[in-house]
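Everything below concerns the one structure shown next.
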Amino acid sequence: MTGTTETIETSPAIVAMLNQKGGVGKTTLTIHVAGALADRDLDVLVVDLAPEGALTSILGYDDEYSDLDRTVSLHELLLDPSRAGDADDIILEGEEFDLLPSNERMVDRTGGELNGEPRARERLKMVLDELGVGYDVVLVDNMPSINVLTDNALVASDGVLIPAYAEALSVQGLDRLQKQIDSVREYFGAVRILGIVANRVEHNKQADAMLEQLHSEFEEGLGIPVIDVYKRVDLQRAIAAQERSIFAAEELDSDMAGVIAEIATLVDDELVGQADE
Ligand SMILES: Nc1ncnc2c1ncn2[C@@H]1O[C@H](COP(=O)(O)OP(=O)(O)OP(=O)(O)O)[C@@H](O)[C@H]1O
Ligand SMILES: [Mg+2]
């Protein structure tokens, strides 16, 4: 990411990809939505806040993830955000977007060591006040749980995207997530739910019925957009084989590109465009 001298450095729009349910597509969608945002000429930083580091690893940064020699990783920054000022080199620059990687030290440590510390839920916000400068959008990928780390993502973010499966159990789980969002709102002010991504949708009657319920409950009932992303092997393949999003993958013409671009448009219109006005 290079800025010209005329660029006014503004703070980015921060979006958390959140659901305490595992395997709903948080990591997959983080990468493709980041790709779609980059495709709109926005400067994007992806943060891997998940201690297991799936996103870091899937993008080809296993070595950085398991590098225990380095003095500063996201773990240290969260414990002491004042170190973020001289930690620019922690960010890995990519062709589509940059990455603030997870680190193995975060497993079993960061959450526990943060708990009970003052302003424990504001650490990521403080880190991004430094490292997010100059980016248009920061997308935060999360672990599947409701804890101090995912609270950090919520406190830091302006908006939340919720990937969910269009199945009964997943939809019920959204109540718990809503409670987490409400409790953060109480102390830290507005966090907007930008949209729900009905993910890995299959072509069958049961899926159609759940989609209908999701759309009527959230879109018509609460005014929260619901975007349908179908189950497509190319969404996996672009990442697994090419370590990039469908927007930069070679010889890949995904029929989901339009829907994922819609999610990026939502982020851009609701958060980024607004900030420029
Ligand atoms: N739309 C899709 N079509 C096909 N496969 C998908 C789709 N979305 C996600 N997947 C696959 O589903 C699996 C789970 O996705 P992913 O790892 O992104 O979920 P997650 O929410 O990040 O999981 P975790 O909670 O463990 O972090 C992966 O194998 C991924 O490739
Ligand atoms: Mg994940």
If a pair satisfies salt bridge (charged side-chain N to carboxylate O under 4.0 Å, His left out) and one of its residues is in residues 146-165, list it, with sequence neighbours excluded.
-> R121-D151
For residues I263 and L161, determine if any side-chain heavy atom of one lies less than 4.5 Å from a side-chain heavy atom of the other.
-> yes
Do you know the tightest heavy-atom contact between A13 and V272?
-> CB-CG2, 4.0 Å
Can you check whether A50's main-chain N or O pairs, donor with acceptor, with S102's side chain at less than 3.5 Å?
-> yes
Minimum side-chain heavy-atom gap L139-L45 below 4.5 Å = no
Is a donor on one side and an acceptor on the other found under 3.5 Å between the side chain of K21 and the backbone of P144?
-> no
T28 side, atom OG1; I239 side, atom CD1 - distance, nearest 0.5 Å = 5.0 Å
Non-hydrogen atoms of M17 and V33 that approach each other most closely | CE-CG2, 4.4 Å
Out of E76, E113, H75, which one pairs with R105 under the side-chain hydrogen bond (donor to acceptor under 3.5 Å, both in side chains) rule?
-> E76
Please report the C-alpha distance between L177 and Q20 in whole Å, then the side-chain angles of each, then the deciding distance to 0.1 Å, and finally whether the side chain to side chain contact (heavy atoms under 4.5 Å, CB included) criterion is met.
-> CA-CA 7 Å; L177 190 57; Q20 80 277 6; 3.6 Å; yes
May I ask you to test the I90-R70 pair for a side-chain heavy-atom distance under 4.5 Å?
-> yes
Looking at V44 and F97, what are the two nearest heavy atoms and their distance?
-> O-CB, 3.4 Å
Taking NZ, NE, NH1 and NH2 as the nitrogens, is one of them in D208 or K205 under 4.0 Å from a carboxylate oxygen of the other?
-> no
From M210 CE over to E212 CD, what is the distance, rounded to the nearest 0.5 angstrom?
-> 10.5 Å
Which atom of V201 lies closest to which atom of Y230, heavy atoms considered = O-CD2, 3.2 Å
Distance, nearest 0.5 Å, that separates CD1 of I246 from CZ of R237 | 13.0 Å
So, N199 side chain and Y165 main chain: donor-acceptor pair closer than 3.5 Å or not?
-> no
Intermediate values then yes/no, side chain to side chain contact (heavy atoms under 4.5 Å, CB included), L55 and L59 = CA-CA 6 Å; L55 185 138; L59 290 176; 3.8 Å; yes
Just jot down the side-chain contact (heavy atoms from CB on, under 4.5 Å) partners of Q242, sequence neighbours excluded, or say none.
-> R244, A249, E250
Kindly indicate whether the side chain of Q180, heavy atoms from C-beta on, has any atom under 4.5 Å from the side chain of T150.
-> yes
Could you tell me whether a side-chain N or O of E96 sits under 3.5 Å from a main-chain N or O of S245, the two making a donor and an acceptor?
-> yes
L77 CG to L131 CG distance, which is reported to the nearest 0.5 Å = 6.5 Å
Are the aromatic ring centres of F247 and H32 under 6.0 angstrom apart?
-> no
So which heavy atom on A54 is nearest to which on T27, and how close?
-> C-CG2, 4.5 Å
Got a donor-acceptor contact below 3.5 angstrom from the N204 side chain to the A207 backbone?
-> yes
Looking at CG of D80 and CZ of R83, how far apart are the two atoms once the value is rounded to the nearest 0.5 Å?
-> 6.0 Å
Taking R192 for its side chain and L194 for its backbone only, find out whether a donor-acceptor pair lies under 3.5 Å.
-> no
Taking the side chain as C-beta and beyond, is there a heavy-atom pair between E243 and I58 under 4.5 Å?
-> no
Among the clusters formed by ILVMFWY side chains lying less than 4.5 Å apart, do V107 and L78 turn up in the same one?
-> no
Start with the C-alpha distance between L149 and M143, add both sets of side-chain angles, then the distance that settles side chain to side chain contact (heavy atoms under 4.5 Å, CB included), and finish with yes or no.
-> CA-CA 8 Å; L149 280 180; M143 70 194 299; 4.0 Å; yes
Does R123 use its side chain to pair, donor to acceptor, with the backbone of L79 at less than 3.5 Å?
-> yes
How is the hydrophobic cluster of V233 composed, in terms of its other members, when Ile, Leu, Val, Met, Phe, Trp and Tyr link through side-chain heavy atoms under 4.5 Å apart, directly or indirectly?
-> none
Report whether V184 and M126 are members of the same hydrophobic cluster (ILVMFWY, side-chain heavy atoms less than 4.5 Å apart, transitive linking).
-> no
Does any non-hydrogen side-chain atom of N142 lie less than 4.5 Å from one of V140?
-> yes
Answer whether the closest heavy-atom distance between the side chains of L235 and I260 falls below 4.5 Å.
-> yes
Does one side chain, of D98 or Y135, offer a donor that lies under 3.5 Å from an acceptor on the other?
-> yes
Any side-chain heavy-atom pair of L99 and E93 under 4.5 Å = no
Would you say the side-chain atoms of D48 and T56 include a donor-acceptor pair closer than 3.5 Å?
-> yes
Would you check if the side chain of E219 reaches a backbone N or O of V226 as a donor-acceptor pair within less than 3.5 Å?
-> yes
If you round to the nearest 0.5 Å, how far is OG of S73 from CG of L68?
-> 8.5 Å
Exam field: side chain D141 to backbone L49, donor-acceptor pair closer than 3.5 Å | no
Derivation of the side chain to side chain contact (heavy atoms under 4.5 Å, CB included) call for L100 and V46 = CA-CA 6 Å; L100 175 51; V46 167; over 6 Å; no
Measure across A120 and N152 and return the closest heavy-atom pair with its distance rounded to 0.1 Å.
-> O-ND2, 2.8 Å
Decide if atom CG of D255 counts as having more than 12 heavy atoms of other residues, nucleotides or ligands within a radius under 6.0 Å.
-> yes
